[in-house]
Amino acid sequence: MPMPPPDSSDDDSIRITIDARPIDAQSLASFVSHPDCGAQMLFLGCTRRTTGDQVTTLLEYEAYRPMADRELERIAHEAIGRWGLQRVAIYHRLGRVPVQEASIAVAASSPHRVAVMEAIPWIMDQLKSSVPIWKRETFENGETCWVHP
Amino acid sequence: MKITVELFAGIAEAVGTNQIEITLESPASCTSLRRWLETEYPHTTSLLSVSRIAINGQYANEEELLTEKDAIAILPPVSGG
């Protein structure tokens, strides 16, 4: 039997990826696509250039693995349980993510739209509170700082 | 007892390394580890106070005891997404 790829969960309703490669949003949308689902939703979180007066040039992400993978898997499972989602895909990028590129993608599918429209913000809130991933911000003057909210 | 502690993000930057090996008196809990870190690296105290400790990939309680075999990590407030 072939070995499963390292970024795949053993559950075929969930796909968790943490990787330095750029996010292929279409691949997440294809994964959650299902004939019994009338609703598919995709969220992309991207590096924003401006925060008030500050200008960001780059974000760099670091993760504590495999804990981060397991936390993302737990959140995806819990979202499926709470909203009866069909499929969930989460991709978090690591390393350097320039302005305008996506660092996070969350896709979900469900028979009706309300479930995915509620679940995706919840998944993002959970991710931002418990998954051991950090970003370091570089500003246009060359200064850097780790973001610890 | 000797333990290895992994450090991340701002804590790693403040300490100057992403892994330290330390000796604590046995039995040692997460609280003992915090006290040791605060004494050794006092400039990290405020970030440490809001950081969580993970033992073997799970968020730990402060009273939880550490063993030499554990994978121990200091996780400052996360900022993924």
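Predicted, not measured: the structure shown is a model, and the values here were computed from it.
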Participant: Run the numbers on B/C30 and B/I53 for side-chain contact (heavy atoms from CB on, under 4.5 Å), then give the verdict.
Facilitator: CA-CA 7 Å; B/C30 291; B/I53 296 174; 3.7 Å; yes

Participant: Under a 4.5 Å heavy-atom cut-off, does chain B meet the side chain of A/A68, its backbone, both or neither?
Facilitator: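 Neither part.
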
Participant: In terms of the angle between their ring planes, are A/H148 and A/W146 parallel, tilted or perpendicular, with boundaries placed at 30° and 60°?
Facilitator: parallel

Participant: Under the criterion side-chain contact (heavy atoms from CB on, under 4.5 Å), I'd like the reasoning laid out for A/I104 against A/Y91: C-alpha separation, chi angles, the key distance, then a yes or no.
Facilitator: CA-CA 6 Å; A/I104 176 76; A/Y91 190 127; over 6 Å; no

Participant: Quick one: what part of B/Q58 sits under 4.5 Å from any heavy atom of chain A, side chain, backbone, both or neither?
Facilitator: backbone

Participant: Which region of A/V147, side chain (C-beta onward) or backbone (N, CA, C, O), has a non-hydrogen atom less than 4.5 Å from a non-hydrogen atom of chain B, or is it both or neither?
Facilitator: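 Both parts, backbone and side chain.
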
Participant: Is any side-chain N of the basic residue among A/E62 and A/K135 closer than 4.0 Å to the acidic one's carboxylate O?
Facilitator: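 Answer for the salt bridge query: no.
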
Participant: Given a strict heavy-atom distance threshold of 4.5 Å, which part of A/Y64 is in contact with chain B: side chain, backbone, both, or neither?
Facilitator: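 Both backbone and side chain of A/Y64 come within 4.5 Å of chain B.
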
